[in-house]
Amino acid sequence: MEQPILEMKNIVRTFPGVKALSNVDFTLKKGSVHALMGENGAGKSTLMKCLVGINPPDSGQIILKGKPVVIPNPLIALKSGIAMIYQELNPVLERSVMENIWLGREPMRGKRGVFVDHKAMYENTKTLLADLKLDLDPKQKVKELSVAKMQMIEIAKAISFNADIVIMDEPTSALTNNEVDHLFLMIERLRKRNVSVIYITHKMDEIFRVADEVTVLRDGANVITKPVSEMNINSLITAMVGRELTDMFPKVDCPIGDVRMEVKHLEVPGLVHDVSFDLRRGEILGVSGLVGAGRTEMMEAIFGLRQKSSGEIYIEGQKKNIHTPVDAIKCHIGFLTEDRRQTGIIPVLTVKNNTIIASLGNYTKAKFFLDRRKINKTCSEYKDMLNIRTPSLEAIIQNLSGGNQQKVLVARWLLTNSDILILDEPTRGIDVGAKAEIHSIITKLASEGKSIIMVSSEMPEVIGMSDRVLVVCQGRITAVLDRKDLDQETIMRYATSINNHTA
Amino acid sequence: MRNENVLGRFVNKYAIFFILIVMILALSLLSPYFLTGQNLINVLITESGRGILALGVAFAIMSKGIDLSVGSVVSLVSVIVASMVQESSYTARIFPNMPYVPALVAILVGLVAGTLVGVINGSLIAYTGIPPFIATLGTQIIARGIALIITNAYPVPMLRQDFKQIGQGNIGPIPNVVIVFAAIALIAYILLNHTKFGKNVYAIGGNVNAARTSGIKVEKNVVAIYAFSAFCASLAGVLITARAASGIATLGNGYETDAIAAATIGGTSHAGGIGTVPGILAGILILGILNNGLLLLGISPYLQQVIKGVIIIVAVVFDMRKNAKRR
């Protein structure tokens with residue numbers, strides 16, 4: 001048997017509080033396309049970041065072309081022939097195609113030249129692009145290109161480094177069908193040049209079109225590695241999700257009341273399509289789907305953070321016009337956003353100010369001066385109620401753990417008298433203990449009659465907590481499942497929308 | 001380790017005040033004249049104009065912006081107000097046909113005109129999305145131009161005594177300008193610590209996306225922030241003009257840099273969300289005492305500039321390290 005081009009053995013990588021990879025093995029054959037699959041957070045990207053030196057492994061061995069190597073950073077990876085094409089491309093938009101490809105290693109005039117040899121750069125680029133049958137002008141500005149073309153430039157750049165391993169992290173997430181076809185053609189060309197491709201994805205259909213082998217990871221560990229020809233969609237899904245539910249989910253069955261909110265025909269161009277659903281008192285409505293399915297955008301449109309092109313929202317039977325977060329808060333909707341650092345906490349301010357910031361209007365005297373005593377009292381009540389662990393209310397929030405920051409944000413939205421709480425990935429990036437606490441807070445709120453929309457990428461969380469689940473795929477609701485019908489395979493089936501393909 | 005942390009944090013938090021005290025002690029030893037009542041009053045009088053300016057600019061900086069227009073607002077208000085309160089006997093008045101205008105009315109007109117510049121700044125920043133640096137750089141140049149147009153670059157002298165009195169008079173032993181400075185500092189303190197507006201300023205500077213998500217009307221608050229900054233500058237313009245007894249179209253040139261420097265030395269973070277009134281006051285006093293002390297010690301005014309610049313840079317390096325440590 002031919003020697004594999006790459007072997008990763010017993011790779012371990014921990015982040016504070018989380019074991020992201022435990023003893024993962026990965027073997028790549030020369031000239032093959034190897035799909036790397038798993039749920040969100042299964043460790044796919046982490047494994048690749050170990051390989052290219054962004055997050056070097058804590059322990060384990062990387063054997064490249066038969067020799068053990070240590071790869072401390074991406075530049076060394078590139079020089080060793082490993083190139084990664086990231087999900088989020090980062091080109092220098094204002095510069096040309098050729099300047100992007102040769103960035104940082106521009107050909108110079110003369111031996112130890114000072115001046116860039118633009119002519120040589122142009123010629124090199126031309127040859128490179130022709131080699132890959134890419135019809136692009138080396139002098140065109142990158143910002144004028146589509147995302148797909150930018151990806152092609154990244155691939156060309158990888159080839160210009162003589163990379164023999166190219167990693168693609170969910171390359172099709174922003175591409176149209178035609179562009180996907182073109183990408184696959186490109187992958188075919190790479191394979192013919194004997195380049196190995198590691199292809200990260202969670203789209204089922206792509207695997208069967210493009211990959212030779214597949215490795216499935218779950219919870220940071222190997223599940224299976226097999227030739228694609230020996231797999232089918234059902235065996236893949238089982239490999240990806242098959243795990244036991246724990247008692248992380250203190251779900252209490254409580255009576256569900258009348259309809260509180262109705263969303264009708266919500267439309268955000270290109271992102272959310274004809275979304276309608278209702279939400280009842282005391283209900284926890286899970287929203288499941290893959291990353292990029294449009295779940296967050298849907299919630300942002302409901303909350304007035306994102307412009308909707310059409311659609312109506314009824315609360316208690318009355319039509320409401322929600323164009324800004326201010327409108328939404330007036331309708332007693334609260335929105336715990338997905339990205340705690342970007343749109344949640346105000347890092348440099350105190351726990352107290354972060355708690356009170358959305359409801360200051362309720363804590364004024366003579367409509368102008370703040371009632372500090374009332375604010376202090378309320379904040380410490382909520383601190384106790386939600387068990388927020390902080391040295392004091394005057395502590396700066398960025399010094400708290402993720403879980404405690406999240407509890408502060410929950411308090412923020414409870415203080416606005418929210419009846420409807422939209423929680424977007426409420427337990428992302430927080431440790432297991434805090435997770436269980438957040439879950440019990442959610443359950444308690446529902447039992448008090450609040451209506452909860454819980455967007456989550458974690459299947460066990462959705463299944464463990466929800467009364468009903470909306471499954472979203474490519475901006476549409478593909479299924480509404482009752483609690484009794486919830487299981488991971490069904491959800492995954494609707495989330496990857498393979499019903500549409502097989503039907 | 002823990003002890004070191006507590007001590008470190010204490011020093012970090014109050015460093016600016018330690019520096020101020022050390023400077024005062026050092027200068028008292030070096031110059032017998034420094035620690036006299038008259039000299040300290042002089043420092044306060046000299047710095048009150050700039051101080052009022054700095055308090056306003058600090059609001060813009062705390063919201064992660066900047067206001068470069070305040071110096072020009074001083075100039076603009078100076079010529080507008082002065083041109084309305086020239087002695088009627090003076091034949092070369094800017095507006096020869098101007099009827100008698102009570103000093104208070106003239107001041108009011110000046111304050112409104114100056115504050116309007118801030119409303120324009122805020123609206124440009126909030127509604128067109130251009131960076132505060134650019135917006136206020138533009139209005140800085142425009143306001144300066146208008147001041148020159150009004151006066152044709154001539155000074156506006158021969159101001160009435162009732163107007164000059166505002167800048168030159170005392171209440172008890174304390175000069176009026178110092179009282180106004182103290183009043184503005186108190187107002188700024190109350191705004192920042194005891195009103196919804198103040199919390200919104202910190203929130204917008206700390207994380208504008210989170211502020212918006214929390215239902216803060218970011219645009220309206222931004223307009224208010226720049227209006228407040230320009231209002232402070234206008235007030236400073238009135239006071240400085242009354243003291244100088246003349247309206248001058250270039251009166252405020254360079255004041256914005258002094259104001260930004262004072263706010264920065266006082267710990268106002270250009271990364272937004274951080275700043276306190278006591279800190280800003282300390283920043284103003286440090287710059288003022290430095291000016292005064294170097295003068296008393298007979299150090300060349302040119303060298304003074306160099307020393308000031310070094311202090312600003314050191315203050316910001318320190319500030320960034322302090323904030324980086326907390327991550």
Side-chain angles (χ1 to χ4, degrees), chain A residues 299-300 303-306 324-331 333-350 352-372 375 395-400 405 408-409 412-413 415-416 418 422 424, chain B residues 2 5-6 8-10 12-13 61-64 126-127 186-187 189-221 224 228 267-276 279 319-320 322-327:
Chain A
M299 297 307 141
E300 287 174 347
F303 193 68
L305 267 172
R306 186 181 283 273
T324 65
V326 181
D327 299 335
I329 292 168
K330 275 189 193 139
C331 296
I333 304 176
F335 185 28
L336 191 74
T337 54
E338 172 186 30
D339 192 331
R340 195 165 52 240
R341 283 201 77 82
Q342 287 300 317
T343 51
I345 62 164
I346 304 166
V348 294
L349 299 191
T350 60
K352 184 168 79 187
N353 284 336
N354 267 288
T355 308
I356 207 78
I357 194 70
S359 51
L360 283 168
N362 303 333
Y363 294 88
T364 52
K365 289 186 281 199
K367 290 221 162 192
F368 189 71
F369 294 103
L370 293 175
D371 187 340
R372 302 182 110 192
I375 290 176
I396 304 296
I397 195 168
Q398 63 187 350
N399 297 335
L400 267 53
Q405 291 178 359
V408 171
L409 295 180
R412 179 192 289 176
W413 289 115
L415 283 175
T416 61
S418 301
I422 305 173
D424 196 353
Chain B
R2 171 156 287 182
N5 252 337
V6 171
R9 230 177 286 161
F10 183 78
N12 262 342
K13 198 168 171 187
I61 298 175
M62 274 180 246
S63 74
K64 212 174 182 174
Y127 297 108
L186 187 67
I187 290 171
Y189 181 83
I190 291 172
L191 278 178
L192 276 181
N193 294 286
H194 293 275
T195 72
K196 195 177 159 182
F197 173 63
K199 300 288 171 194
N200 290 349
V201 173
Y202 284 127
I204 290 168
N207 184 346
V208 68
N209 293 323
R212 204 182 294 280
T213 310
S214 300
I216 291 173
K217 292 167 184 162
V218 173
E219 286 76 19
K220 285 184 184 168
N221 279 287
F228 179 71
T268 313
S269 167
H270 287 251
I274 299 174
T276 65
D319 180 60
M320 286 177 65
K322 176 168 90 183
N323 292 327
K325 249 186 211 165
R326 274 205 295 238
R327 287 182 63 97

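A, B, ... follow the sequence lines: proteins, then strands. Residue 1 opens every chain.
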Participant: Heavy atoms only, distances under 4.5 angstrom: which of A:Phe335, A:Tyr363, A:Trp413 has the most pairs with chain B? Name it, please.
Facilitator: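 Option with the top pair count is A:Trp413.
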
Participant: Which heavy atom of A:Ile329 sits nearest to which heavy atom of B:Thr213, and what is that distance?
Facilitator: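 Distance-wise, the nearest heavy atoms are CD1-O, 4.2 Å.
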
Participant: Quick check for you: to the nearest 0.5 Å, what is the distance between B:Ile204 atom CD1 and A:Ile346 atom CD1?
Facilitator: 9.5 Å

Participant: What residue in B:Gly206, B:Gly272, B:Gly205 has the most heavy-atom pairs under 4.5 Å with chain A?
Facilitator: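 Among the listed options, the one with the most contacts to chain A is B:Gly206.
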
Participant: Closer than 3.5 angstrom, by distance alone: can the side chain of B:Asn207 be matched with the main-chain N or O of A:Pro347 as a donor-acceptor pair?
Facilitator: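 No; judged by distance alone, with no hydrogens or angles, the pair does not exist.
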
Participant: How far apart are the C-alpha atoms of B:Tyr202 and A:Ile357, what are their side-chain angles, what is the distance that settles it, and do they pass the side chain to side chain contact (heavy atoms under 4.5 Å, CB included) test?
Facilitator: CA-CA 10 Å; B:Tyr202 284 127; A:Ile357 194 70; over 6 Å; no

Participant: Should A:Leu349 and B:Lys199 be marked as a side chain to side chain contact (heavy atoms under 4.5 Å, CB included) after you check the CA-CA gap, both sets of side-chain angles, and the distance that decides it?
Facilitator: CA-CA 10 Å; A:Leu349 299 191; B:Lys199 300 288 171 194; over 6 Å; no

Participant: Taking all heavy atoms of A:Gly344 and all of B:Ala210, pick out the closest pair and write down the distance.
Facilitator: O-CB, 3.0 Å

Participant: Pair A:Phe368, B:Leu191 - check side chain to side chain contact (heavy atoms under 4.5 Å, CB included), show working.
Facilitator: CA-CA 9 Å; A:Phe368 189 71; B:Leu191 278 178; 3.9 Å; yes

Participant: Please determine whether side chain to side chain contact (heavy atoms under 4.5 Å, CB included) holds for the pair A:Leu360 and B:Asn200, giving the CA-CA distance in whole Å, both sets of side-chain angles, and the decisive distance to 0.1 Å.
Facilitator: CA-CA 9 Å; A:Leu360 283 168; B:Asn200 290 349; 3.8 Å; yes

Participant: Less than 4.5 Å to any heavy atom of chain B: does that hold for the side chain of A:Ile356, its backbone, both, or neither?
Facilitator: neither

Participant: Return the NE2 to OG1 distance between B:His194 and A:Thr364, rounded to the nearest 0.5 Å.
Facilitator: 14.5 Å

Participant: Between CZ of A:Arg341 and CG of B:Asn209, what distance do you get to the nearest 0.5 Å?
Facilitator: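 Here the rounded value is 13.0 Å.
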
Participant: Quick check on the interface: out of A:Ala328, A:Gly334, A:Ala358, A:Gly304, who has the most heavy-atom pairs with chain B under 4.5 Å?
Facilitator: A:Ala358

Participant: Where does A:Thr324 contact chain B at under 4.5 Å (heavy atoms): side chain, backbone, both or neither?
Facilitator: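 For A:Thr324, no heavy atom lies under 4.5 Å from chain B.
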
